[in-house]
Amino acid sequence: MSTSSVSKGKVLAFAIAGALVSTGCATPDVRPGAENPRTVTQSINLSGYPPEFQRGFKDGCDAARTRNSAKPKTADQYGQGWNDGFDYCSPRK
């Protein structure tokens, strides 16, 4: 085997390793506003929803971003908003 084929093999191996490392470190796709749970309701239009739903949405988004999935045990407007906010702000893969 010649030296040029060995160095080409090394270059190829480093290129593949670099591609794998950069892919593994990529940040998950985040929806608009999801990066800041405190202002997420300003980034998307929730104006037609009741205040309880909006508060739940913001809290659910915060739980998704902090990886705290302590889901509320309620099916009211707050609980529905929490579920939607958690789903919206969870990192997409």
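Positions are given from 1, in the same order as the sequence printed here.
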Short question: side chain of Gln54, backbone of Leu46 - any donor-acceptor pair under 3.5 Å? yes
Is any side-chain heavy atom of Pro91 closer than 4.5 Å to a side-chain heavy atom of Arg67? yes
Smallest heavy-atom separation, Trp82 atom then Ala70 atom, equals CZ2-O, 3.8 Å
Is any side-chain heavy atom of Asn83 closer than 4.5 Å to a side-chain heavy atom of Phe57? no
Do you know the tightest heavy-atom contact between Gly79 and Pro72? CA-CG, 4.4 Å
Pairwise distance CD(Glu52) to CD(Gln80) - rounded to 0.5 angstrom: 11.0 Å
Heavy-atom pair of closest approach, residues Ala64 and Cys89: CB-C, 3.8 Å
Got a second to check how far Cys61's SG is from Asp87's CG, nearest 0.5 Å? 11.0 Å
Can you tell me if OH on Tyr49 sees more than 12 non-hydrogen neighbours from other groups inside 6.0 Å? no
Is there a path of hydrophobic side-chain contacts, each under 4.5 Å between heavy atoms, that joins Phe53 and Phe86? no
